[in-house]
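This report concerns only the one structure given below.
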Number of protein chains: 2
Amino acid sequence: MGRKAGISIDDIVTAAASIADRDGLAAATLSAVAAELGIKTPSLYNHVPGLAGMRRELALHSSQLLTKLFRDATHGHEPREAIRAATVAYRLFATEHPGLYESMLPAPKPGEDDELYEAMAGPVRVLFDEFAKLGLTEEEAVHVIRGMRAMLHGFVDLERKAGFGMPVELDASFDRAVSLMIDRIPERT
Amino acid sequence: MGRKAGISIDDIVTAAASIADRDGLAAATLSAVAAELGIKTPSLYNHVPGLAGMRRELALHSSQLLTKLFRDATHGHEPREAIRAATVAYRLFATEHPGLYESMLPAPKPGEDDELYEAMAGPVRVLFDEFAKLGLTEEEAVHVIRGMRAMLHGFVDLERKAGFGMPVELDASFDRAVSLMIDRIPERT
DNA sequence: TGACAAGACTAAGGGCATTAGTTAGTGTAA
DNA sequence: TTACACTAACTAATGCCCTTAGTCTTGTCA
């Protein structure tokens, strides 16, 4: 039981992630994480610059995970299939990791935190590539992706909060909404 | 300068709203509101059951305001026009009152807080009525409104956080996304 | 006028983040 | 092998916020 527990940043992120997924992001406080790791709160400052810093690490981790899930989901499919698979992966991610999803919500503004900004652009980039394969112009792709992101985020956010009154046929609603966003995309070449 | 300042719940909500719209919902603390009203924090407990209670009042107020804006926007238009007008009102509301918008985000689950739940269903109800006029079956309307709500909420939420990278043509993106949700609605009768 | 209730107050507590200063292990270089 | 420096834990203390309990003043109503 030496004085050095040998905590790493990964340990902190893992602990924070597990607390956030279980009890919500708000519960992932420095003291809760420290308690989970068996150390005292101030000791965390040796690894992370305060609460905001820890939350940032968590957001970074979440973005990287989601990017990977998108890559895996799209890999080896034709564009339209790939896009649909990504939407399913997105919703699944939000459902299985509500805390991680929440950690990504306070997105940084363009000039604020370049590293985090880039990481959070990762999933969008994967989608963008698929749309590019469909031959969309950049402008068209921007519009389509914006609508897509909005619908996806809105859907899982409302679902996360049980914001939809009736529990009926959520999967069907999701499918239909996704189809609305996708089906009218013109195919070029 | 009597001991009684004569604070009312409306005063509290107004102060909280103004702080939330200016500095974000998180800044609308009991102490900030008390300071704005020129009283001490504990005095607020004579009117409101703590921070959560104050936030709830704010959410109630926001829902009522948004419902009114929806009614005004839709009034006197044909269903399709009315729906489009409501979407514009929604986005405008979120832009002009970011704090009020934020106050509505932690929606209560169905059995949790009936009064608030009802209030927050107000805007949806206005939309629902318009879709009903188009002759949609209830099931169809549920799907369409879910997609609609998701897209609207997602759009303004991303916009609120400057989540869209490029500042290009946001209005056009919004129009297009709204059209995607609306245009394919079959007209019955 | 006198009692009562509303609505302000002060005092005190607990939780959390944060900073400063301290101490104990660990590894490396003389 | 020993000394030193660095890392990473710690304790102590501060400040902000919410919350509860108890006090006192003021306006109202019988």
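The figures that follow rest on heavy atoms only: side chains count, while hydrogens, waters and symmetry mates do not. Order of the sequence lines sets the chain letters (A, B, ...), proteins ahead of strands, with each chain counted from 1.
Shown here for A/Lys161 and B/Lys109, the closest heavy-atom pair between the two residues is O-CG, 4.4 Å. Scanning both residues, B/Phe128 and B/Ala141, for their nearest heavy atoms gives CE1-CB, 3.9 Å.
For the 3.5 Å distance criterion, the side chains of B/Ser179 and B/Arg84 qualify, holding a donor opposite an acceptor.
When ring centroids are compared, A/Tyr101 and A/His97 stay outside the 6.0 Å threshold.
Of the listed nucleotides (D/dA9, D/dT19, C/dA8), D/dA9 has the atom at the smallest distance from the side chain of A/Ser43.
At a non-hydrogen distance threshold of 4.0 Å, A/Thr29, A/Leu30, A/Ser31 from residues 21-36 of chain A come into contact with DNA chain C.
Side-chain N/O atoms of A/Asn46 and base N/O atoms of D/dA9 include a donor-acceptor pair closer than 3.5 Å.
Whole-Å rounding puts the A/Asp11 CG to D/dA8 P distance at 12 Å. What separates CG of B/Leu51 from P of D/dC16 is a distance of 18 Å, to the nearest Å. Distance, B/Ile7 CD1 to C/dC9 C1': 14 Å, rounded to whole Å. Across the protein-nucleic acid pair, B/Arg55 atom CZ and D/dC18 atom P stand 8 Å apart, rounded to whole Å. A straight line from CD1 of A/Ile39 to P of D/dT11 spans 12 Å, rounded to a whole angstrom. Between the P atom of D/dA9 and the CG atom of A/Leu37 lies a distance of 9 Å, rounded to the nearest Å. In this structure, A/Ile12 places its CD1 atom 12 Å from C1' of D/dA9, rounding to the nearest Å. The interatomic distance linking B/Leu44 (CG) with C/dC9 (C1') rounds to 13 Å, in whole Å.
Of the side-chain N and O atoms in B/Tyr45, one or more sit less than 4.0 angstrom from OP1 or OP2 of D/dT19. Between C/dA6 and B/His47, no contact under 4.0 Å exists linking OP1 or OP2 to a side-chain N or O.
Between the CG atom in B/Leu100 and the CG atom in B/Leu105 there is a gap of 11.0 Å [rounded to 0.5 Å].
At a threshold of 4.5 Å between side-chain heavy atoms, the hydrophobic network of Ile, Leu, Val, Met, Phe, Trp and Tyr places B/Val88 and B/Val156 in two separate groups.
Residues passing the ring-ring contact (aromatic ring centres under 6.0 Å, His included) test with A/His61: none are found, sequence neighbours excluded.
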